[in-house]
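A short write-up of the structure that comes next.
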2 protein chains.
Amino acid sequence: MARSNRKPEVDYAAAAKRWAESNSSGRKPTMQDVAHLAGVSKKTISRIINDSPSVNEVTRRGIQQLIREIGYRPDPQARGLASKRSFLVGLITDNPTPQYVVNIQHGILDVLRQTGYELVVHPCDRKSDSFLEDAKRFIEVQKLYGVILTPSVSEDERLAEELRELGCAYIRIASIALDMESRMIVTNDREGGKAAARHLAKLGHTRIACVTGRRSFRSSTERIAGFEEGLAEHGLSVLPEYMLGGDYTFESGLALGADLLDLDPPPTAVFAANDEMAAGILQALHVAGRTPPDSLSVVGFDDFETATRVWPRLTTARTPARKIGRLAAERLFEFYDGDREIVAENETIPELVERDSTRRPSH
Amino acid sequence: MARSNRKPEVDYAAAAKRWAESNSSGRKPTMQDVAHLAGVSKKTISRIINDSPSVNEVTRRGIQQLIREIGYRPDPQARGLASKRSFLVGLITDNPTPQYVVNIQHGILDVLRQTGYELVVHPCDRKSDSFLEDAKRFIEVQKLYGVILTPSVSEDERLAEELRELGCAYIRIASIALDMESRMIVTNDREGGKAAARHLAKLGHTRIACVTGRRSFRSSTERIAGFEEGLAEHGLSVLPEYMLGGDYTFESGLALGADLLDLDPPPTAVFAANDEMAAGILQALHVAGRTPPDSLSVVGFDDFETATRVWPRLTTARTPARKIGRLAAERLFEFYDGDREIVAENETIPELVERDSTRRPSH
DNA sequence: CTGAAAGCGCTTACAG
DNA sequence: CTGAAAGCGCTTACAG
């Protein structure tokens with residue numbers, strides 16, 4: 001049984017067996033137990049679970065095996081207390097679209113799973129007076145490992161500033177770069193707007209309306225700006241009176257959809273800055289007895305469930321929310337690892353999905 | 001400055017001032033600091049933050065004020081480490097409807113906000129081999145204060161058993177009582193099904209179809225059973241060949257909606273066990289060139305966003321998800337407080353919302 | 001590459 | 001009603 005390496009003194013398999021036999025009570029092993037069984041100090045076990053490079057390779061392998069066999073799980077609370085940093089990732093959102101939020105969550109969890117980190121959700125109201133204070137307390141008290149921010153909280157400069165002061169890693173998901181590359185996932189909504197415009201222009205539309213989100217939402221201004229750029233490529237533009245201001249809700253789409261019908265001459269197509277408003281426009285048409293896309297083509301943005309539930313099914317620019325969540329989480333961990341090179345993507349491009357809500361203008 | 005009570009020895013306001021002056025570095029106060037300033041032991045501070053009754057009232061008031069003034073926040077990690085219980089509530093879900101999940105989350109957070117507890121989300125796949133093991137590790141490693149389970153994981157007896165063995169408080173949200181009262185929030189889907197049946201019967205429908213969810217989903221069997229009970233009150237029933245088996249997805253509704261059109265004689269109304277399938281049926285009708293509810297009335301279940309996005313807007317039985325989440329969280333904390341009397345509701349009744357997808361049969 | 005000592009900020013168990 | 005001591009399970013900072 002000659003070993004090819006030194007350090008044959010410790011038989012880790014036997015140690016595991018010893019533990020199993022002496023632990024009839026089913027007590028969970030602690031770092032102390034592992035250290036004792038392996039004949040090393042706690043510090044060495046600590047180095048191993050923290051992936052410190054300075055541990056003898058043979059020792060490391062053996063102890064990793066031992067850890068697996070006896071089912072040792074480091075206590076996140078103890079680690080947190082000692083290191084002043086928890087194993088929790090915070091997701092701060094103020095986005096009202098459940099489909100977006102849940103998909104982002106799933107994307108983040110795709111990365112967190114099996115890492116020992118958990119996701120703590122924190123919806124908030126950015127307009128509340130205590131917003132900043134609440135967020136600060138949440139981050140500080142929980143000693144979050146890092147935070148992921150979705151639009152529109154991601155656009156809040158004061159919150160980003162606060163995070164930096166607290167020394168908390170964060171990733172901002174937004175339609176344009178608002179921060180250093182290592183802290184951004186950019187969704188490039190402008191390109192999605194462009195794609196929507198090109199699609200309508202190619203179908204032959206010329207009298208085209210827009211329903212925007214609030215001006216304070218960067219995603220909306222980007223989507224609309226992209227749309228206008230795309231139209232301009234074809235020598236087209238949106239007349240000022242065809243530019244209607246919504247707020248990303250279905251209800252605003254429903255109300256503005258009715259307004260759209262009163263426009264003279266009527267537009268033959270409309271681009272809504274998100275699917276919820278596009279769905280509202282479709283419903284307004286149904287209420288008025290129209291059968292879209294007969295007299296009006298409608299393009300949305302996001303491609304969440306709503307897009308395929310409505311009739312006709314929406315042509316829309318897709319926001320790949322789950323992927324965005326995944327990228328954000330990957331970047332968060334790279335950021336913190338510091339020296340590892342950043343290789344993950346940090347940008348997504350919306351892709352236009354053509355369905356039944358758009359067709360050539362009928363005349 | 002005579003005080004009406006003994007214990008005038010400690011001037012807490014002065015103590016707070018002293019802290020503010022001596023703490024120019026901005027260090028967060030710890031329990032030790034508070035104890036020192038108040039001239040008591042840590043144990044007394046501990047009693048106060050844990051609402052222990054055995055503290056002198058005057059002392060308690062003064063120290064609570066002191067705590068507020070110097071901004072002391074107990075460290076959840078340290079508390080967790082010492083007490084072997086974290087300040088985290090887990091939400092274990094395997095429900096694919098984002099609108100449900102997000103609303104439940106919001107309901108739970110309505111209760112958790114300002115308590116210091118945080119919500120950790122844990123979507124899972126109940127069919128996975130490692131499901132039970134994963135859940136166990138999550139609960140154990142994080143030392144969760146408690147867990148809230150939504151359908152269908154809430155229906156898993158092995159998981160409930162596991163939770164009991166781990167000594168972890170839990171609340172099951174389900175359509176019927178599956179556990180002791182203190183561990184259940186019952187949604188009574190059966191009543192919703194009944195209401196749907198009565199509505200259709202009153203409109204004069206007699207040839208009525210059903211689209212069910214999977215038989216393994218209790219909510220579906222309850223909804224359908226309630227529906228049949230409601231019909232029976234009016235001497236009606238669903239013919240076996242009018243009973244179609246879906247799986248709660250939009251896609252299954254779309255496929256079965258097409259099948260519905262081939263039935264001879266055709267039904268004049270259909271009850272789908274959730275909105276997603278009802279939306280699928282509506283779309284199948286549109287695809288076939290029908291204009292519901294002309295030839296077919298459709299009733300759904302849930303009243304999530306989808307219900308009002310589709311055309312015609314769905315008549316449906318409402319699942320008050322946010323309220324359900326709130327009740328579950330309230331119950332979770334009562335359960336743990338032990339001796340407090342349980343007064344919160346533990347049951348919700350779906351309410352029928354009448355919209356445009358149902359009308360009298362046309363003949 | 002490895003370890004001994006001290007400490008993170010609380011609670012527990014006990015004593016009075 | 002209150003407190004002194006020990007300990008929860010780790011990491012840090014230092015030393016070698």
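Numbered from 1 within each chain, the chains take letters A, B, ... in sequence-line order.
Taking atom NZ of residue A/Lys143 and atom P of nucleotide D/dT11, one finds them 13 Å apart after rounding to whole Å. A straight line from NZ of A/Lys28 to P of D/dC8 spans 17 Å, rounded to a whole angstrom. Distance, B/Leu81 CG to C/dC8 C1': 9 Å, rounded to whole Å. What separates CD1 of A/Ile45 from P of D/dC10 is a distance of 10 Å, to the nearest Å. Here C/dC10 presents its C1' atom at 17 Å from CZ of B/Arg73, a figure rounded to the nearest Å. Nucleotide D/dC10 holds its P atom 13 Å from the CD atom of B/Gln77, rounded to whole Å. Rounded to whole angstrom, the span from the CG atom of B/Asp51 across to the C1' atom of C/dT11 amounts to 15 Å. Summarising the geometry, the separation between CZ on A/Arg27 and P on D/dG7 is reported as 14 Å, rounded to the nearest angstrom.
Among the heavy atoms of the strands, none lies under 4.0 Å from B/Pro76. Across all strands, A/Thr30 comes closer than 4.0 Å only to sugar-phosphate atoms, never to a base (heavy-atom distances). Residue contacts for A/Tyr72: at a heavy-atom cut-off of 4.0 Å it reaches the sugar-phosphate backbone alone, with no base atom in range. At a threshold of 4.0 angstrom between heavy atoms, the contacts of A/Pro53 are confined to the sugar-phosphate backbone, with no base atom among them.
Contact check on A/Glu161 versus A/Arg158 returns no salt bridge, with no Lys/Arg side-chain nitrogen under 4.0 Å from an Asp/Glu carboxylate oxygen. With respect to the salt-bridge test (charged N to carboxylate O, under 4.0 angstrom), the residues A/Arg137 and A/Glu133 do not qualify. Using a 4.0 Å cut-off between a side-chain N of Lys or Arg and a carboxylate O of Asp or Glu, B/Arg27 and B/Asp33 qualify as a salt bridge. Here B/Arg164 pairs with B/Glu157 in a salt bridge; the nearest charged N to carboxylate O distance falls below 4.0 Å. B/Lys17 has no carboxylate O lying under 4.0 Å from a charged side-chain N of B/Glu21, or vice versa, which leaves the two without a salt bridge.
Applying the Watson-Crick and G-U wobble criteria (two distances, each under 3.5 Å), C/dA13 pairs with nothing in any strand. Nucleotide C/dA4: unpaired (no Watson-Crick or G-U wobble partner with both distances less than 3.5 Å).
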Name the atoms and distances for all side-chain donor-acceptor pairs under 3.5 Å in residues 67-79 of chain B, with sequence neighbours left out.
unit_1  : atom_1 : unit_2   : atom_2 : d
B/Arg68 : NH1    : B/Gln65  : OE1    : 2.8
B/Glu69 : OE2    : B/Gln65  : NE2    : 2.7
B/Asp75 : OD1    : A/Lys143 : NZ     : 3.2
B/Asp75 : OD1    : B/Gln77  : N      : 2.7
B/Asp75 : OD1    : B/Ala78  : N      : 3.2
B/Asp75 : OD2    : A/Lys143 : NZ     : 2.8
B/Arg79 : NH1    : B/Asn50  : OD1    : 2.8

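Listed pair A/Thr59 / C/dT2 meets the phosphate criterion, a side-chain N or O lying under 4.0 Å from OP1 or OP2. Phosphate contact (OP1/OP2 of C/dC10, side-chain N/O of B/Ser46, threshold under 4.0 Å): absent. Here A/Lys84 reaches the OP1 or OP2 of C/dG9: one of its side-chain N or O atoms lies under 4.0 Å away.
The side chain of B/Met31 sits closest to C/dC10 out of D/dT11, C/dC10, D/dT2. If you check C/dT2, C/dC10, D/dT11 against the side chain of A/Arg79, the one that comes closest is D/dT11.
In this structure, A/Tyr117 has its ring center under 6.0 Å from that of A/Tyr145.
Between the side chain of A/Arg322 and the main chain of A/Ile104, no donor-acceptor pair closer than 3.5 Å is present.
Of all the residues in residues 34-44 of chain A, A/Val40, A/Ser41, A/Lys43, A/Thr44 reach under 4.0 Å from DNA chain C with at least one non-hydrogen atom.
Of the two residues contacting DNA chain D, namely A/Arg47 and A/Asn50, the nearest-nucleotide position lying further toward the 5' end is that of A/Asn50.
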